[in-house]
Amino acid sequence: MSAQATSADTSPTNEFAETKPVAHQISESSQSMTAQTACEECDHLIDKAVADDGEAVHCPRCHHHISVVHRSPVLAPIAYASAAIMMLIASLMYSFMSFASAGHSATMNFAQTVRSLITYGYNELALLLFVTLVVFPLSFLLIICYLHSAMLLNKKPPGAKACLLMLQHSKHWLMVDVFLIGILVSLVKVMGMADVTFGLSFWAFCLFTILLVKTTIVTDLPWLWRQLVSPMDDVEVTDKERSAYANNFQLCHYCGHLNGLDVATCPRCHHHTHARKDPNLDRVLAFLLASMVLYIPANILPIMDTSLLGGSDPATIMGGVILLWQLKSYPVAMVIFIASVMVPLAKMVAIAWLAYSVKSSRNFEPQKQLKLYRLTEFVGRWSMIDVFVVAILAALIRIDGLIVIYPGPATVSFAGVVILTMISAMSFDPRLIWDDSHSKENHRS
């Protein structure tokens with residue numbers, strides 16, 4: 001069923017609608033125009049919701065990827081996802097790295113990493129590692145295999161809507177590539193004090209990371225919604241150069257369906273609809289403020305404590321950067337400094353600036369603001385490198401009586417900073433940038 005625009009004498013019930021100018025209405029004399037969906041980043045109406053096989057659909061205004069379909073949209077995801085699952089299982093079965101120093105040796109595997117954090121009382125970090133490195137990736141891959149295998153057998157899989165919503169929610173929290181970089185950074189940190197060798201699980205994990213990334217690339221959610229749930233119907237609009245909201249429509253963020261402003265629940269995915277995620281930016285600013293509070297102890301308190309021959313040597317994030325610089329590991333020192341110090345701070349400043357630009361009466365170029373938003377959302381999870389490094393070193397370097405590494409109290413605070421800034425960025429609706437720009441242009445005219 002196609003969504004219909006509300007009539008001119010109907011006031012939208014959506015909260016966002018009460019804070020914006022009256023939407024442009026469709027009249028019988030208007031030229032007939034249609035659209036299938038809208039861009040989730042600028043709200044521009046799009047003619048085609050799903051690309052053909054081997055092609056892509058982009059937003060003509062902000063160039064956001066709407067749909068990118070592989071030449072083999074059924075077989076390719078099955079092949080890559082199945083291979084990734086096998087590599088994940090292999091990476092959990094053997095040792096990651098071996099550590100040898102002064103006649104003593106120790107090995108590390110993923111289970112040991114989680115157990116070490118639990119032993120030291122960092123249950124939250126242990127859960128974070130297990131969820132982001134095993135639960136979410138494995139669930140993501142199994143769902144992809146399940147859905148595409150059903151299509152290969154020409155069957156409609158039960159629970160397809162729930163599976164697609166799970167894919168939508170979990171894709172932001174896949175951090176296996178960040179963990180892999182954390183392993184390499186850990187290697188550089190311990191090379192000066194011991195001999196380190198890679199186990200079979202390390203190479204399996206490298207392949208798992210590559211295959212998981214490739215699986216996300218060849219899997220297109222709009223295509224899956226069309227194949228498994230329902231195709232997108234054309235809806236009549238007044239002016240395709242204006243936003244979906246200006247034509248009395250709101251985009252469902254989860255399935256891409258265009259609904260009228262008076263529709264509270266999307267008929268396609270049954271998810272709650274909203275014209276904008278957080279029009280007043282209350283949630284965005286709340287998570288941002290919480291991350292700023294945690295940023296202080298994350299940088300002041302020790303993130304790692306090294307016990308060498310009975311002595312204690314706590315180190316902060318900047319202390320670790322300085323040590324790496326003194327050891328002439330300049331590239332790794334720069335990676336840690338950028339990912340763990342500059343990125344969280346820059347991300348908080350960027351989110352605050354985006355919120356200010358939306359609330360301000362000044363005119364800002366929406367294209368530049370959108371680029372800042374995309375960069376902010378992309379780099380956020382890479383700050384988790386330092387948390388993973390601490391977890392790896394705590395599991396690997398444990399030779400009682402000689403050297404033991406403990407997670408510091410700043411580890412939890414820093415992980416909180418990363419998670420809260422990620423949620424804050426995801427709560428920000430980039431369409432507000434364009435709404436703000438359009439309202440100012442209309443005011444000037």
Side-chain angles (χ1 to χ4, degrees), residues 2-3 5 16 20 23-24 33-70 73 164 167-168 171-172 216-226 231-261 266 268-269 273-279 350 354 357-358 364-378 425-442:
S2 62
F16 173 77
K20 292 295 179 180
H24 192 66
M33 288 181 284
T34 61
Q36 282 192 353
T37 188
C39 177
E40 64 178 350
E41 291 195 350
C42 72
D43 210 32
H44 187 74
L45 292 165
I46 309 294
D47 293 332
K48 194 174 183 180
V50 181
D52 296 325
D53 295 357
E55 297 181 356
V57 174
H58 305 280
C59 175
R61 180 159 66 183
C62 71
H63 310 295
H64 174 64
H65 289 190
I66 305 299
S67 174
V68 182
V69 181
H70 192 267
L164 290 171
L167 291 179
Q168 183 76 21
K171 66 180 183 179
H172 301 288
T216 60
I217 293 174
V218 301
T219 302
D220 187 66
L221 288 181
W223 184 85
L224 286 174
W225 277 104
R226 183 182 71 178
M232 299 288 283
D233 296 326
D234 292 335
V235 297
E236 292 186 0
V237 298
T238 302
D239 186 355
K240 288 171 62 175
E241 296 302 317
R242 304 186 69 191
S243 67
Y245 177 79
N247 284 272
N248 272 337
F249 289 100
Q250 56 182 336
L251 175 72
C252 177
H253 255 286
Y254 298 94
C255 70
H257 190 262
L258 279 178
N259 302 292
L261 288 177
C266 177
R268 192 186 194 200
C269 68
T273 59
H274 42 252
R276 297 296 180 263
K277 292 180 184 178
D278 185 20
L354 290 171
S357 68
V358 169
F364 299 98
E365 296 184 32
Q367 287 284 4
K368 292 183 178 179
Q369 297 293 95
L370 185 59
K371 289 180 180 179
L372 177 62
Y373 164 77
R374 289 173 178 171
L375 180 63
T376 301
E377 192 174 44
F378 173 76
M426 287 187 286
S427 300
F428 182 82
D429 197 327
R431 295 174 297 179
L432 294 171
I433 298 172
W434 298 87
D435 295 330
D436 190 56
S437 175
H438 292 163
S439 65
K440 291 169 186 174
E441 290 177 0
N442 294 335

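Because the structure is a prediction, the values reported are computed rather than measured.
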ask   = Do the rings of H65 and H58 sit parallel, tilted or perpendicular, given the 30° and 60° boundaries?
value = perpendicular

ask   = Minimum heavy-atom separation for S427 to D278, with atom names?
value = O-CB, 3.8 Å

request  = Return yes if some donor-acceptor pair links the side-chain N/O of D429 with the main-chain N/O of R431 below 3.5 Å, else return no.
outcome  = yes

ask   = Do W223 side-chain atoms and D53 backbone N/O form a donor-acceptor pair below 3.5 Å?
value = no

remark   = Of all heavy-atom pairs linking D47 and T34, the shortest is OD1-O, 3.7 Å

ask   = When you measure from the side chain of D52 to the backbone N and O of E55, does any donor-acceptor pair fall under 3.5 Å?
value = no

request  = To the nearest 0.5 Å, tell me how far L221 CG sits from R226 CZ.
outcome  = 13.5 Å

ask   = Between the side chain of R268 and the main-chain N/O of G256, is any donor-acceptor distance below 3.5 Å?
value = no

inquiry  = Around atom NZ of K371, are there more than 12 heavy atoms from other residues, nucleotides or ligands closer than 6.0 Å?
reply    = no

query = Testing L45, T37, L258 for side-chain contact (heavy atoms from CB on, under 4.5 Å) with V235, which one passes?
reply = L258

note = Interatomic distance, CD@Q369 vs OG@S357, rounded to 0.5 Å, equals 4.0 Å

message = Apply side-chain contact (heavy atoms from CB on, under 4.5 Å) to residues L164 and C255 and explain how you reach the verdict.
response = CA-CA 8 Å; L164 290 171; C255 70; over 6 Å; no

task = Nearest 0.5 Å please: distance from the CD1 atom of I66 over to the CD atom of E40.
result = 7.0 Å

ask   = Okay, side chain of R61, backbone of C42: is any donor-acceptor separation there less than 3.5 Å?
value = yes

ask   = Can you tell if the side chain of R374 reaches within under 4.5 Å of the side chain of C62, non-hydrogen atoms only?
value = yes

remark   = Interatomic distance, CG@L261 vs OG1@T273, rounded to 0.5 Å, equals 9.0 Å

note = Between T376 and A350, the two heavy atoms sitting closest are OG1-CB, 3.3 Å

request  = For residues A49 and Q36, report the shortest heavy-atom separation together with the two atoms involved.
outcome  = N-OE1, 2.9 Å

Donor-acceptor contact below 3.5 Å, side chain D43 vs main chain Y245 = yes

query = Does the E41 side chain pair with the main chain of P430, one donor and one acceptor, at a distance under 3.5 Å?
reply = no

key: Heavy-atom closest contact (A51 atom, V69 atom, distance)   = O-CG2, 3.4 Å

D220 side chain vs S67 backbone, donor-acceptor pair below 3.5 Å = no

message = Let me confirm one number: the CZ-CZ distance from R276 to F428, rounded to the nearest 0.5 Å.
response = 11.0 Å

query = Taking side chain as C-beta onward, heavy atoms only, is L370 less than 4.5 Å from W434?
reply = yes

Nearest-0.5 Å distance, NE2 of residue H172 to CD of residue E377 = 6.0 Å

Minimum heavy-atom distance N259-H257, with the two atoms named = OD1-ND1, 2.8 Å

ask   = Are V358 and L354 close enough that some pair of their side-chain heavy atoms sits under 4.5 Å apart?
value = no

